[in-house]
Engineer: 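My structure is below; once you've seen it, I'll send some questions.
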Amino acid sequence: MTFPRGRVFVFGDAADRFSLHAPAPSPINPIPRPIPMSEPERSEQEQRRREERRELEARGIDPYPYAWDTNAHAADILDAFDDETHDPEDGERMDVAIAGRITSIRVMGGSAFFDIQDASGTIQAYIRKNDVGKEFYEEVFRDLLDIGDIVGIEGYVFRTRMGEVTVRVEEIKLLSKALRPLPVVKEAEGETYNEVTDKEFRYRQRYVDLTVNPEVRTVVRQRAQLIRTMRDFLDERGYLEVETPVLQPIYGGAAARPFTTHHNALDMELYLRIADELYLKRLLVGGLEGVYEIAKDFRNEGLSRFHNPEFTMMELYVAYKDYRWMMELVEALIERIATDLHGTPEIEHEGDTISFARPWERVTFLGAIEDQTGYDLHGASRDELMDVAKGLDLDVEDDLGAGKLYDKIFSETVEPTLVQPTFVMDYPIELSPLAKKHREKEGLVERFEVIVAGREICNAFSELNDPEDQRARFEEQARLRAEGDEEATPIDEDYLRAMEYGMPPAAGLGVGIDRLTMIMTGQASIRDVILFPLLRPER
RNA sequence: GACCCCGUAGCUCAGUUGGCAGAGCAACGGACUUUUAAUCCGUGGGUCGCAGGUUCGAUCCCUGCCGGGGUCACCA
């Protein structure tokens with residue numbers, strides 16, 4: 001605990017800008033300014049609220065006190081009297097202490113109704129001049145408290161003439177004075193008025209969005225529950241949650257361009273991880289058998305409603321299993337997540353009913369392409385793939401390799417058609433430098449993706465554990481890289497060294513948490529499931 | 001990266017074929033002691049995203065820029 005050395009009295013806005021104790025900036029050691037020189041002019045309402053704050057202080061009321069004890073949340077109180085005939089004043093009086101933000105005030109002379117929003121929801125409060133005193137009611141409550149302020153109230157529960165469960169205020173304490181006006185959103189008969197809809201406003205000022213658009217909180221909670229269910233599911237099976245490096249000297253595990261950064265003391269370039277895969281599989285070498293990680297990956301790519309440069313991935317690796325076993329696990333995992341969130345494995349998504357009930361349909365990569373296009377691409381050469389792509393009128397650049405061509409053909413012709421969860425199995429080897437060769441089919445690997453609503457949400461394979469094959473695959477990647485494929489991964493010698501000690505056969509899985517959350521919560525944009533999506537800086 | 005759309009009060013939005021910038025809510029003053037988008041009377045509030053250009057005059061027309069959204073490209 002530290003105390004300010006001296007109190008700086010503030011008479012006007014100018015005094016807010018600099019502490020009297022701040023050392024003068026020097027060219028050698030510039031002092032970062034907490035508030036820019038050209039502070040924007042304050043609106044009438046902002047000035048007004050600052051005046052109210054000073055008036056509160058002049059009256060000896062701390063506008064930012066330290067704590068307030070509560071014994072309930074709004075939803076608890078409403079739940080306790082959800083029966084419309086049950087009068088809270090029948091029987092024992094229910095005393096409550098709650099805290100939250102004032103979202104509406106309706107003054108009617110000597111009494112007033114106001115709404116308090118807390119984490120659980122909103123409840124109405126009722127305050128009377130006679131209960132709290134004329135001076136406090138008129139000069140503090142009515143004149144100095146505003147919509148947006150955070151308060152604590154104590155009182156008892158009753159039901160109004162209109163039947164609304166309400167807290168009769170016996171004590172009210174300001175807990176935080178809001179110096180900016182909160183947008184006021186009103187609702188009646190299913191209509192919402194003055195709803196804050198501006199996407200930029202909502203993403204940049206998510207704190208306001210969360211207050212004025214309660215459905216955002218629902219998505220936040222559902223995302224948390226989705227991750228909790230996933231973690232429970234994995235823990236129940238005995239898999240160990242681990243953490244691997246974000247800062248990596250060599251990146252790998254996916255086809256993507258990385259972010260670079262620099263470590264000063266070691267004077268070395270580092271990459272932010274694009275996947276967890278190579279480190280998690282090192283742990284299989286170490287004998288951990290079943291490991292998973294839920295973490296952020298970073299890919300230096302464009303933004304869209306499906307792409308945020310940092311995103312959350314769950315990766316799981318289980319020793320002695322293969323991709324067929326992993327399919328069963330994925331079905332069980334996703335079905336449980338859907339059921340936990342919605343009470344049923346069926347969800348509504350963009351007009352479709354999607355059922356995650358097991359078992360899901362299984363198709364093969366090349367089989368699905370043949371069904372959609374009529375082309376059998378088994379054993380096709382790069383040039384043949386190019387001809388097919390052009391025959392399908394796809395927009396392809398002339399220098400694309402076989403892997404990219406397969407990917408292009410598949411994602412253009414097959415992916416959009418897969419609405420119900422579908423396993424797509426057995427990918428061309430060119431697309432999958434870390435997956436084990438198919439035990440029967442030449443030129444393919446044992447890999448599957450799960451496509452739902454036309455989007456990939458999982459990627460998994462029987463993990464390649466033959467160090468010599470792995471080296472050959474890396475060398476192929478290096479060749480692609482030399483040819484200009486910036487997403488081809490570099491050779492990771494330490495990873496090969498680990499594998500040379502012997503990695504057990506294993507099944508691996510990656511699940512994109514953001515995209516899974518989009519589907520499970522019905523959100524059309526990844527920015528609606530990420531609290532603070534990357535935006536260009538404000539100016 | 002390309003193309004299309006958008007940016008007006010704290011919020012939601014009108015608007016000006018180029019001529020003093022509007023409404024509802026919010027705010028402020030007043031009335032009202034169980035309201036329900038509370039109501040009633042009154043008042044104030046704007047760099048019309050930014051910078052140029054055209055024009056007697058630009059929020060409006062033109063150009064560039066900034067920010068956002070969408071589609072495409074790339075990607076998971």
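What you see is a predicted model; the values in this text were computed from it and never measured. Chain A is the first sequence line, chain B the second, and so forth, proteins listed ahead of strands; every chain is numbered from 1. Just so it is clear, the values below take in all heavy atoms, side chains as well, and ignore hydrogens, waters and symmetry mates.
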Engineer: Ignoring hydrogens and angles, are the base of B:A37 and the side chain of A:E187 linked by a donor-acceptor pair under 3.5 Å?
Structural biologist: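 Counting by modelled atom types and ignoring angles, no donor-acceptor contact under 3.5 Å is found here.
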Engineer: Does B:G68 have its OP1 or OP2 closer than 4.0 Å to a side-chain nitrogen or oxygen of A:R204?
Structural biologist: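 Yes, such a contact exists.
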Engineer: Please tell me whether A:Y427 and A:F461 form a close aromatic pair, meaning their ring centres lie under 6.0 Å apart.
Structural biologist: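 Ring centroids of A:Y427 and A:F461 are no less than 6.0 Å from each other.
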Engineer: Go through the N and O atoms of the side chain of A:T197 and the base of B:U12, and report whether any donor-acceptor pair is under 3.5 Å.
Structural biologist: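 Absent.
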Engineer: Kindly give the atom pairs (protein nitrogen or oxygen, nucleotide nitrogen or oxygen) under 3.5 Å for nucleotides 28-30 of chain B.
Structural biologist:
none

Engineer: Among residues at least two apart in sequence or on other chains, which ones pass ring pair (Phe, Tyr, Trp, His ring centres under 6.0 Å) with A:F113?
Structural biologist: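 Partners of A:F113 by the ring pair (Phe, Tyr, Trp, His ring centres under 6.0 Å) criterion, ordered by chain and then number, come out as A:Y126.
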Engineer: With both distances under 3.5 angstrom, what nucleotide forms a Watson-Crick or G-U wobble pair with B:C3?
Structural biologist: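 Matched B:C3 with B:G70 under the 3.5 Å cut-off.
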Engineer: Output a table of nitrogen or oxygen pairs between the protein and nucleotides 23-25 of chain B separated by less than 3.5 Å.
Structural biologist:
{"residue": "B:G24", "atom": "N2", "partner": "A:N194", "partner atom": "OD1", "Å": "2.6"}
{"residue": "B:G24", "atom": "N2", "partner": "A:N194", "partner atom": "ND2", "Å": "3.2"}
{"residue": "B:C25", "atom": "O3'", "partner": "A:K186", "partner atom": "NZ", "Å": "2.8"}
{"residue": "B:C25", "atom": "O2'", "partner": "A:N194", "partner atom": "ND2", "Å": "3.4"}

Engineer: Would you say that A:E483 contacts A:R479 through its side chain, given a criterion of any heavy-atom pair below 4.5 Å between the two side chains?
Structural biologist: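 A side-chain contact under 4.5 Å exists here.
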Engineer: For the base of B:U36, is there a side-chain donor-acceptor partner from A:E164 under 3.5 Å away?
Structural biologist: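 By the distance-only test, yes, there is a pair.
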Engineer: Could you list the protein-to-nucleotides 70-73 of chain B atom pairs, N/O on both sides, closer than 3.5 Å?
Structural biologist:
none

Engineer: Checking contacts here: which listed nucleotide (B:U35, B:A26, B:A37) is nearest the side-chain heavy atoms of A:Q124?
Structural biologist: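 Selected nucleotide (nearest to the side chain): B:U35.
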Engineer: Under 30°, 30 to 60°, or over 60°: which ring-plane class applies to A:F141 and A:F114, parallel, tilted or perpendicular?
Structural biologist: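 Judged by the thresholds at 30° and 60°, the geometry between A:F141 and A:F114 is tilted.
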Engineer: Decide side chain to side chain donor-acceptor pair (under 3.5 Å) for A:Y323 and A:K436; before the verdict, give the C-alpha distance in whole Å, the side-chain angles of both, and the deciding distance to 0.1 Å.
Structural biologist: CA-CA 10 Å; A:Y323 79 139; A:K436 199 161 167 129; over 6 Å; no
Engineer: Rounded to whole Å, please give me the gap between CZ in A:R536 and P in B:G49.
Structural biologist: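 Taking atom P of B:G49 as the reference, CZ of A:R536 is at 20 Å.
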Engineer: Checking base pairs now: Watson-Crick or wobble, both atom distances under 3.5 Å. What partners B:U17?
Structural biologist: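 Here B:U17 is not engaged in any pair, so there is no nucleotide opposite it.
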Engineer: Please enumerate all residues that pass side chain to side chain donor-acceptor pair (under 3.5 Å) together with A:K177, with sequence neighbours excluded.
Structural biologist: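 For A:K177, the residues satisfying side chain to side chain donor-acceptor pair (under 3.5 Å) (neighbours in sequence not counted) are A:E52, A:D146, A:D149.
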Engineer: Taking a pair as Watson-Crick or G-U wobble with both distances under 3.5 Å, which nucleotide is matched to B:U54?
Structural biologist: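 Partner of B:U54: none found under 3.5 Å.
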Engineer: Calculate the interatomic distance between A:D198 atom CG and B:G67 atom C1'; express it in whole Å.
Structural biologist: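 Distance check: A:D198 CG to B:G67 C1' gives 10 Å.
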Engineer: Take the protein atom CG of A:L144 and the nucleotide atom C1' of B:A27, then report the distance between them rounded to whole Å.
Structural biologist: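 Atom CG in A:L144 sits about 14 Å away from atom C1' in B:A27.
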Engineer: In residues 102-111 of chain A, which ones come under 4.0 Å of RNA chain B, going by heavy atoms?
Structural biologist: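 A:R106, A:V107, A:M108, A:G109, A:G110, A:S111 - these, ordered by number, are the residues of the stretch whose heavy atoms sit under 4.0 Å from the strand.
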